[in-house]
Amino acid sequence: MSHVRTRFAPSPTGFQHLGGFRTAFFAWLLAKRHGGEFLLRIEDTDRERSVPGAIRFILEELAWFGIQPDEGPSKAELEQIGESWEGAPDIGGPCGPYIQSLRMVRYREVAEELIAKGFAYRCDCTPQMLERERNEQMARKELPGYSGYCRTRNVSADAPHVVRLKIPQKRAISFNDGVRGKVTWEQIQLRDTVLLKSDGSPTYHLAVVVDDHDMKISHVLRGVEWLSSTPIHLLVYEALGWEPPIIAHFPVVNGPDGKKLSKRTGAATSRDAREKGFLPEAVLNFVSLIGWAPGEGSDQEIFTRDELISKFSLEGINPASGVFDMIKMEWMNGLYIRNLDTADFIKRTAPFLKAAEVVIPDEMFAAIAPLVQERVKLLTEVPPMVEFLMDKPLERQIDAMFQKGIDVAKASEILTRSKACLEQLKEFSVTQIDQALRGVAVELGFKPGPAFAVLRVAVTGKTVTPPLFESFAVLGRDRVLSRIAEAIVLLKVM
RNA sequence: GGCCCCAUCGUCUAGCGGUCUAGGACGCUGGCCUCUCACGCCGGAAACAUGGGUUCGAGUCCCAUUGGGGUCACCA
């Protein structure tokens, strides 16, 4: 394969959801697979729709995933459009600027070339005229669209006007889609579309072709929603005498409801995912698997990023649209969490403990961490699980103490006896606690399950915790004993 | 509506004419393990949208139907 250069070209109109980032991943994977470059280009030709902060969001999320564009907006470019911030990356590159609103001159130049060559023309039809035309067409049940009225009018360049591409109506056109194979239009049905708006800014159709060519993009990877407008782009390439890149259209990713992914889907954006306690490598892995599989009979679905890079190919892309299965992503995240080494787990959990205001001495948390690590799917599940280690009054789910025929009197008995035994232990170790408490259960004639449930609630307040003896050992004898004592008192007033 | 794209378990998928009484994973479910919850292990239910071809043979190739989706802007 000739030199591969791909790009991620979002328009800064809001927050990208994971489906959008998936396209970025694929473009990045393809470039890295072939030792090429991955560029980031900002498509902000529609100023009114650009939202402040959106570029920062994109850059920061890519960074979270550990994806560094080889070329992209420099800090100076960001400053020029007033979207720089403290700590903004300074990417840059030889084909800049990488922000379309900074490339206006070039688009106008190409538009003029197209006019000079007879492939485009100026049009001064007003929105009102177009509107009326459209209404008449609808009334006649015709296909609505611009009639081409100005094609032969030689509209002056002085007055306000747009530039339109002449689209041959009867011509057939086809191209070889990178994931779908040959796609053919027996006849192009599109009307003469606008390339340059009356304010002098380009539409997507012009800007994308010019930039992909100028930036030497070898593979254009984008969502299927662009498939229908590909003929326009092909015509522009042809008119300019440029070789079109390989164009591949990816399937969309829908929510569980089968509808487009949206904010309501839960962790629809990477930021939501991060806040919920997903690991970036797990999200990257999972999202890459929506619409892509290694093929060749492989069942593998856990990939390091290097494996993803070495195995990725356009052939593995499934052209059918997919559904974002959050439940499976959680499973995969749990797997990744379990595979973290404990020191890393502790480090990544810290911000979540802080956010939940769960403050535990480092040593204590380090001791319980391995036990917690294998019990959570999301980092946000950690704080509630270790909360009981905090030095603060406990709220107990007292009712949960009474299982399998255990009543207040029996619970009280279990607690009292356990307390006595724990007090006498030579050392407050897991094995000794284990022996002591099992001994109490046997002595009093209870099964360990229900008996331990009483102790669990008494000491941790909860029904779901890390293993009991370990939890006790980590908490320390003094606090275990005082909590049992508190629980005994609570039972007395019932 | 015109044009274009798509179609294997609920979901993500393997399958690129015979080895498919269709494999894996998540989820669901029965069991084991077990101090709760997880993990782990063993088992189960669950799919080739329909109809025509082509072929000795079709989940795999072709066509149609049906059903989804996209697109027809001075938005991307």
Side-chain angles (χ1 to χ4, degrees), chain A residues 9-13 43-46 48-49 123 125-127 130 134 141-146 160-164 177 180 183-191 193-199 201-205 207-208 222-231 249 251-252 254 256 258-260 286 289-302 315 318-332 334-335 338 371-377 381 385 400 403 434 437-438 441 447-453 455-457 460 462-469 471:
Chain A
S11 56
T13 52
E43 311 222 324
D44 61 342
T45 54
D46 188 1
E48 287 175 14
R49 296 213 323 161
C123 164
C125 292
T126 62
L130 297 173
R134 205 181 340 254
K141 291 186 176 172
E142 287 175 10
L143 227 61
Y146 182 60
H161 64 274
V162 300
V163 175
R164 289 181 185 272
D177 188 283
R180 285 150 219 276
V183 178
T184 304
W185 286 263
E186 295 302 338
Q187 54 184 106
I188 307 172
Q189 290 218 318
L190 302 165
R191 304 306 186 107
T193 46
V194 172
L195 256 23
L196 209 61
K197 306 177 209 171
S198 55
D199 66 356
S201 67
T203 60
Y204 173 83
H205 306 304
V208 76
R222 46 156 61 148
V224 256
E225 65 268 23
W226 292 110
L227 186 54
S228 318
S229 46
T230 301
H249 292 97
V252 294
N254 294 318
K259 300 215 172 78
K260 270 191 169 177
F286 181 74
L289 251 31
I290 307 175
W292 176 81
E296 294 175 343
S298 169
D299 285 336
Q300 185 178 354
E301 51 183 7
I302 301 301
E315 288 69 51
N318 181 349
S321 61
V323 170
F324 185 86
D325 182 359
M326 178 76 72
I327 302 295
K328 185 161 183 178
M329 184 160 87
E330 287 182 6
W331 161 79
M332 190 175 282
L335 196 72
R338 273 174 257 134
L371 270 9
V372 174
Q373 189 176 354
E374 63 182 27
R375 288 179 160 67
V376 297
K377 290 199 188 81
E381 293 167 7
M385 203 171 272
Q403 295 177 15
D434 187 329
L437 297 183
R438 282 184 199 283
K447 291 221 161 154
F452 292 166
L455 287 157
R456 188 182 308 280
V457 174
T460 70
K462 305 194 177 200
T463 54
V464 176
T465 70
L468 197 64
F469 316 131
S471 296

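These numbers come from the heavy atoms of this one structure, side chains and all, not from hydrogens, waters or symmetry mates. In what follows, chains are A, B, ... by sequence order, proteins preceding strands, each numbered from 1. Quick caveat: nothing in here was measured; it's all calculated off a predicted structure.
For a distance-only test at 3.5 Å, the side chain of A/R338 fails to qualify as a donor-acceptor partner of the base of B/C39. Below the 3.5 angstrom threshold, one finds a donor paired with an acceptor across the side chain of A/K328 and the base of B/A25. A donor and an acceptor atom never sit less than 3.5 Å apart when one is taken from the side chain of A/S228 and the other from the base of B/C3.
Among the atoms of the strands shown, only primed sugar atoms or phosphate atoms (P, OP1, OP2) are found under 4.0 Å from some heavy atom of A/E43. Residue contacts shown for A/V323 are limited to sugar-phosphate atoms, with no base heavy atom under 4.0 Å away. A/R191 comes within 4.0 angstrom of no nucleic acid atom, judged by non-hydrogen atoms across all strands. Within 4.0 Å of A/P231, counting heavy atoms only, lies no atom of the nucleic acid at all. Nucleic acid contact class of A/A453 (heavy atoms, under 4.0 Å, all strands): none. In this structure, A/D177 reaches neither bases nor backbone, as no heavy-atom distance under 4.0 Å exists between it and the strands shown. Among the protein residues, A/T184 comes within range of the sugar-phosphate backbone only, with heavy atoms under 4.0 Å from sugar or phosphate atoms but none that close to a base. Among the atoms of the strands shown, base atoms are found under 4.0 Å from some heavy atom of A/L468. The residue A/E296 sits close only to the backbone: its heavy atoms come under 4.0 Å of sugar-phosphate atoms, none of a base. At a threshold of 4.0 angstrom between heavy atoms, the contacts of A/E225 are confined to the sugar-phosphate backbone, with no base atom among them. Residue contacts shown for A/P450 are absent, as no nucleic acid heavy atom lies under 4.0 Å away. Backbone-only contact: A/G295 has heavy atoms under 4.0 Å from sugar-phosphate atoms and none from a base. A/R180 comes within contact range of the sugar-phosphate backbone alone, with a heavy-atom separation under 4.0 Å but no base atom that close.
Not one N or O on the side chain of A/S321 forms a donor-acceptor pair closer than 3.5 Å with the backbone of A/V252. A/R180 places a side-chain N or O within donor-acceptor distance of the main-chain N or O of A/H249, the cut-off being under 3.5 Å. Not one N or O on the side chain of A/T13 forms a donor-acceptor pair closer than 3.5 Å with the backbone of A/R49.
Picking from B/A38, B/C75, B/U11 the nucleotide with the shortest atom distance to the side chain of A/R49 gives B/C75. Nearest nucleotide to the side chain of A/A293, out of B/U13, B/A73, B/G23: B/U13. You'll find that the side chain of A/V194 is closest to B/C74, out of B/C35, B/C12, B/C74. Closest to the side chain of A/S11, out of B/A76, B/C4, B/C74, is B/A76. Between B/A14, B/C26, B/A76, one nucleotide has an atom nearer to the side chain of A/D325 than all others, and that is B/C26. Comparing B/A73, B/A76, B/G27 against the side chain of A/Y204 picks out B/A76 as the nearest.
To the nearest angstrom, C1' of B/G1 lies 16 Å from CZ of A/R134. When the P atom of B/A76 is taken as reference, atom CG of A/L196 falls 11 Å away, rounded to whole Å. Distance, A/N318 CG to B/A7 P: 7 Å, rounded to whole Å. Atoms CH2 (A/W331) and C1' (B/G10) sit 17 Å apart, rounded to a whole Å. Taking atom CZ of A/R456 as the reference point, atom P of B/C35 lies 10 Å away to the nearest angstrom. Taking atom CE of A/M332 as the reference point, atom P of B/G24 lies 17 Å away to the nearest angstrom. We find that CH2 of A/W292 is positioned 10 Å from P of B/A14, with the value rounded to whole Å. Look at CD on A/E381: it is 19 Å from P on B/U36, rounded to the nearest Å.
Atom P of B/U29 sits at a distance of 16 Å from the matching atom of B/A45, rounded to the whole Å. Taking atom C1' in both B/G51 and B/U66, one finds a spacing of 10 Å when rounded to whole Å. Using atom C1' as the reference point in both B/G52 and B/G10, the two lie 30 Å apart (nearest Å). Comparing the C1' positions of B/U60 and B/U13 gives an interatomic distance of 16 Å, to the nearest angstrom. Across B/C61 and B/U55, the matching C1' atoms stand 10 Å from one another, rounded to whole Å. Rounded to a whole angstrom, the distance from the C1' atom of B/A7 to that of B/A64 is 15 Å. For the P atom pair drawn from B/G31 and B/A38, the interatomic distance equals 15 Å after rounding to whole Å. The same atom, P, is picked in B/G23 and in B/G15; the two are 15 Å apart, to the nearest Å.
For the atom pair OH (A/Y146) and CG (A/L130), the distance works out to 7.0 Å, reported to the nearest 0.5 Å. Expressed to the nearest 0.5 Å, how far CZ of A/R375 lies from CD of A/E381 amounts to 12.5 Å. Atom-to-atom distance recorded for A/F452:CZ and A/K447:NZ is 13.0 Å, nearest 0.5 angstrom. Residue A/T230 holds its OG1 atom at 9.5 Å from CH2 of A/W226, rounded to the nearest 0.5 Å.
Of all nucleotides present, only B/C32 satisfies the Watson-Crick or G-U wobble test against B/G40, with each distance under 3.5 Å. Under the Watson-Crick or G-U wobble criterion, with both distances below 3.5 Å, B/U54 has no partner in any strand shown. Nucleotide B/C3 forms a Watson-Crick or G-U wobble pair with B/G70, both donor-acceptor distances falling under 3.5 Å.
An OP1 or OP2 oxygen of B/C75 is reached within less than 4.0 angstrom by a side-chain nitrogen or oxygen of A/K197. Look at A/N254 and you won't find any side-chain N or O under 4.0 angstrom from OP1 or OP2 of B/G69. Taking side-chain N and O atoms only, A/R164 has a distance below 4.0 Å to OP1 or OP2 of B/C74. One finds a side-chain N or O of A/T45 lying less than 4.0 angstrom from the OP1 or OP2 phosphate oxygen of B/A76.
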**Study point:** Evaluation steps, salt bridge (charged side-chain N to carboxylate O under 4.0 Å, His left out), between A/K260 and A/E225
**Key:** CA-CA 12 Å; A/K260 270 191 169 177; A/E225 65 268 23; over 6 Å; no
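Both A/F469 and A/P319 lie close to RNA chain B; mapped to their nearest nucleotides by heavy-atom distance, the more 5′-ward contact belongs to A/P319. Comparing A/G291 and A/S229 by the nucleotide of RNA chain B whose heavy atom lies nearest to each, the residue mapping closer to the 5' end is A/G291.
A/D177 has its side chain within reach of A/L227: a pair of non-hydrogen atoms, C-beta onward, lies under 4.5 Å apart.
Between A/D325 and A/K328, none of the side-chain N atoms (NZ, or NE/NH1/NH2) sits under 4.0 Å from a carboxylate O, so this pair counts as no salt bridge.
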